[in-house]
Engineer: 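Please see the structure below; I have some questions.
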Amino acid sequence: GNSVTQMEGPVTLSEEAFLTINCTYTATGYPSLFWYVQYPGEGLQLLLKATKADDKGSNKGFEATYRKETTSFHLEKGSVQVSDSAVYFCALTAYSGAGSYQLTFGKGTKLSVIP
Amino acid sequence: DTGVSQDPRHKITKRGQNVTFRCDPISEHNRLYWYRQTLGQGPEFLTYFQNEAQLEKSRLLSDRFSAERPKGSFSTLEIQRTEQGDSAMYLCASSESSPFSGNTIYFGEGSWLTVV
């Protein structure tokens with residue numbers, strides 16, 4: 001089956017620190033990979049995605065590279081801000097067999113950035 | 001493009017009552033999904049529609065749950081005889097219909113359900 005494993009939180013960083021959130025996956029077929037972010041009390045927003053090996057997704061200073069050889073999609077940001085405090089979810093889509101691609105999520109990593 | 005909208009955002013109900021959530025997807029999206037998210041967990045897939053056809057249901061969707069998308073536009077998720085274990089956030093999402101794994105699935109802000 002498909003699964004996503006991401007580092008457990010919470011992660012607490014000082015402003016301007018470097019961020020890495022690890023994510024590894026197992027999947028049947030060739031998945032696409034995503035990072036979603038969830039701010040307190042809100043739904044999920046797509047942060048970035050990558051659809052094939054060695055692709056780098058990037059947005060708002062965040063980056064992640066699709067590493068097929070290590071089945072990983074680690075999220076990084078060089079300098080975090082207080083406004084980045086949120087829960088980050090790694091996810092993949094793989095063919096469900098019913099004509100669609102379903103998202104499978106990790107459990108989420110809560111990030112708190114302190115001034 | 002107003003995004004995926006859900007209503008109500010919050011619902012508190014007594015155990016045993018029925019509740020219904022509504023979702024309006026992005027207008028050009030043919031595919032509509034329902035997910036459930038409990039505290040401290042990632043969202044879990046419940047069911048999916050292609051236009052008005054419900055094509056897939058998770059084993060998480062018990063007989064007390066029913067989802068419809070009668071005209072291929074908005075969708076409703078009804079929970080009958082609610083139980084405390086149903087307390088969660090119910091997320092609706094939509095996407096384009098092309099069979100490409102990289103299509104982005106866009107989420108609404110969710111409907112929080114608390115069963116007391």
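Just so it is clear: chains get the letters A, B, ... in the order the sequence lines come, proteins before strands, and each one is counted from 1.
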Engineer: Which region of A:Leu46, side chain (C-beta onward) or backbone (N, CA, C, O), has a non-hydrogen atom less than 4.5 Å from a non-hydrogen atom of chain B, or is it both or neither?
Structural biologist: side chain
Engineer: If the plane angle is over 60° it's perpendicular, under 30° parallel, otherwise tilted; pick one for A:Phe62 and A:Tyr88.
Structural biologist: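 Because their plane-to-plane angle lies in the 30° to 60° range, the rings of A:Phe62 and A:Tyr88 count as tilted.
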Engineer: Decide yes or no for A:Asp55 and A:Thr65: does some side-chain heavy atom of the first lie under 4.5 Å from some side-chain heavy atom of the second?
Structural biologist: no
Engineer: Determine whether the aromatic ring centres of residues B:Phe45 and A:Phe105 are separated by less than 6.0 angstrom.
Structural biologist: no
Engineer: At a heavy-atom distance under 4.5 Å, which candidate from B:Pro43, B:Gly40, B:Cys92 has the highest pair count against chain A?
Structural biologist: B:Pro43
Engineer: Select one option (side chain, backbone, both, neither) describing which atoms of A:Gln45 are under 4.5 Å from chain B's heavy atoms.
Structural biologist: neither
Engineer: Check whether B:Glu44 gets within reach of chain A through its side chain, its backbone, both or neither, counting any heavy atom under 4.5 Å.
Structural biologist: neither
Engineer: Restricting to non-hydrogen atoms, name the atom on B:Tyr90 and the atom on B:Asp86 that form the minimum distance, rounded to 0.1 Å.
Structural biologist: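 The answer is OH-O, 2.7 Å.
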Engineer: Check for me whether A:Lys68 meets the cation-pi criterion with A:Tyr30, that is, NZ or CZ under 6.0 Å from the six-membered ring centre and within 45 degrees of the ring axis.
Structural biologist: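 So A:Lys68 does make the cation-pi contact.
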Engineer: So what's closer than 4.5 Å to chain A heavy atoms on B:Ile105: side chain, backbone, both or neither?
Structural biologist: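 For B:Ile105, heavy atoms of backbone and side chain both lie under 4.5 Å from chain A.
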